[in-house]
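Letters go in sequence order (proteins before strands), and every chain restarts at 1. Small disclaimer: the values here were computed from a predicted structure and weren't measured.
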There are 2 protein chains.
Amino acid sequence: MYRVSQLAAKFGLSRSTLIYYDQEGLLSPSGRSGAGYRLYSERDLERLAAIVSFRKAGLSIEETRVLLASGEGEQSVLRKRLAVIGDQIRALQAQQHLLARMLRVQSGGELPESVDKETWVAMLRAAGMDDEAMETWHAEFERRAPQAHHSFLLSLGIGEQEAQAIRAWSAAGGKEGAVREG
Amino acid sequence: MYRVSQLAAKFGLSRSTLIYYDQEGLLSPSGRSGAGYRLYSERDLERLAAIVSFRKAGLSIEETRVLLASGEGEQSVLRKRLAVIGDQIRALQAQQHLLARMLRVQSGGELPESVDKETWVAMLRAAGMDDEAMETWHAEFERRAPQAHHSFLLSLGIGEQEAQAIRAWSAAGGKEGAVREG
DNA sequence: ACTAAACCGTGAAGCTGTAGACGGGTCAAT
DNA sequence: ATTGACCCGTCTACAGCTTCACGGTTTAGT
């Protein structure tokens, strides 16, 4: 049987956090001592281990509760979180761009704020990539991270329609269509 | 002279937000009507435009206040925020990996929505790039668009320090240091 | 002149997840 | 029995808003 601060230390959490979990009904100690102290059992410890891993994945208390209640099969919650993370990363990247632009305006640099399609292609060519290699690269990109592939294309200033065309072409292995490079 | 909801609508904010900014002393209306209504001037509008852009970059109320107070030259706040964004993106990518593993355990494979350093390197390798080619590529990137190069490295979840190391190495033509790949 | 809708102000409460303060309980050593 | 160190439970606060409630104001329409 662990007391609250002991258990907290064991998991690198703060005492307040465990108390909060108790209040939320996410992890209530299986017992109390004579003095009213929270006493956590081994079973509580295991549950906490699961909680911690879900929380590390950024799931909310509520989502964590759902997952613990529903056994294992709840993929939807995880998938949803994955989508949210994607959105958040994209939002942060947008902020990066904003900040970069602000800093450049102040320091007066003349360099392009972001790379366009031509520059990008030129850089890859300088590194020895030929058309076929770029095709392979796009295909890999599409296979491993379709969303990121899309964002990347847009970041080069490529329009939504052309981006979709490139992706379709990548997915098909570059068989058809006249998308030339990049 | 605008009234609070009008101004809010103009900037896509809610009435509450403007009232909150007023309470915080971030943007107080330059006047009040006979009935005590907040009246915003053109100057207020300009100030709000600045506030909105800073907030879009993820700066806190407090940081925004500092920037507005200190005129222009306050780059430190922006740089600090840039570093924080990098941390956050890295944290989110770690969560992506965790979630992807969880889902993979439960079913088949899942695809990430944003690319990290390892994935990026793997894609370039798949397209036939070797270490030397990557070196050339980094050097080109640094030469043509240093700022974008920096942003790009950060977007892969690479830390500020390592990013600077890679850039220095790129600029020097990859002569020294044990920066391995990417 | 009057009414209804749409606006305004203030104030309080709520949200998430955590940190910290407060006063009092517990425990080993004296 | 008593000191001190440490622990406990409970309560409050934080960002950055939003929502709600209550009551006054303006405005358009009749």
Pick base, sugar-phosphate or nothing for B/S33, based on heavy-atom distances below 4.0 Å to the nucleic acid.
nothing
Residue from B/L27, B/L59, B/V52 passing side-chain contact (heavy atoms from CB on, under 4.5 Å) with B/T64
B/L59
Does any N or O donor sit under 3.5 Å from an N or O acceptor when you compare the side chain of A/R55 with the base of C/dG17?
no
Note: for A/A35 and A/E24 on DNA chain C, the residue whose nearest nucleotide lies more 5' is A/E24
Is the phosphate of C/dG17, meaning OP1 or OP2, less than 4.0 Å from a side-chain N or O of A/R15?
no
Rounded to whole angstrom units, what separation is found between the CG atom of B/D22 and the C1' atom of D/dG16?
15 Å
Between B/W169 and B/F141 (judged by ring centroids, cut-off 6.0 Å), do the two rings come close enough to count as a pair?
no
Could you tell me whether A/D22 and A/R32 make a salt bridge, using a distance below 4.0 angstrom between a side-chain N and a carboxylate O?
yes
Under 4.0 Å between any heavy atoms, over every strand shown, what does A/R3 touch: base, sugar-phosphate, or nothing? Just pick one.
sugar-phosphate
Does a nitrogen or oxygen in the side chain of A/R38 sit under 4.0 Å from OP1 or OP2 of D/dT10?
yes
Phosphate OP1/OP2 of C/dG17 contacted by A/T17 side-chain N/O (<4.0 Å):
no
Could a donor-acceptor pair under 3.5 angstrom be found where the side chain of B/Y21 meets the base of D/dG16?
no
Atom CG of A/L39 to atom P of D/dC7: distance rounded to whole Å?
15 Å
Given atom CG of A/L18 and atom P of C/dG17, what is their separation to the nearest angstrom?
15 Å
Could you check which of D/dC8, C/dT16, C/dG25 has an atom nearest any side-chain atom of A/Y20?
C/dT16
Among D/dC8, D/dT10, C/dG17, which nucleotide has an atom closest to any side-chain atom of A/I19?
D/dT10
Could you state the OH-P distance from A/Y37 to D/dC6, rounded to the nearest angstrom?
15 Å
Whichever of B/G34 and B/L59 has the more 5' nearest nucleotide on DNA chain D, that residue is B/L59
B/L13 CG - D/dG16 C1' separation (whole Å):
13 Å
With heavy atoms under 4.0 Å as the rule, sort A/I61 into base, sugar-phosphate or nothing.
sugar-phosphate
Could you give the CD-to-C1' distance, from B/E62 to D/dC14, as a whole number of Å?
13 Å
Could you tell me the separation between the CD atom of A/Q23 and the P atom of C/dG14, rounded to a whole number of Å?
14 Å
Is B/E142 reaching over with its side chain to a backbone N or O of B/A139, donor-acceptor style, under 3.5 angstrom?
no
C/dA19 phosphate, OP1 or OP2: any side-chain N/O from A/S14 under 4.0 angstrom?
yes
For A/E132, is the CD atom crowded, meaning more than 12 foreign heavy atoms sit under 6.0 Å from it?
no
Does A/R43 pair with A/E46 as a salt bridge, N-O distance under 4.0 Å?
no
Rounded to the Å, how far apart are A/Q6 CD and D/dC7 P?
9 Å
Once hydrogens and angles are ignored, does a donor-acceptor distance under 3.5 Å link the base of C/dA19 to the side chain of A/S16?
yes
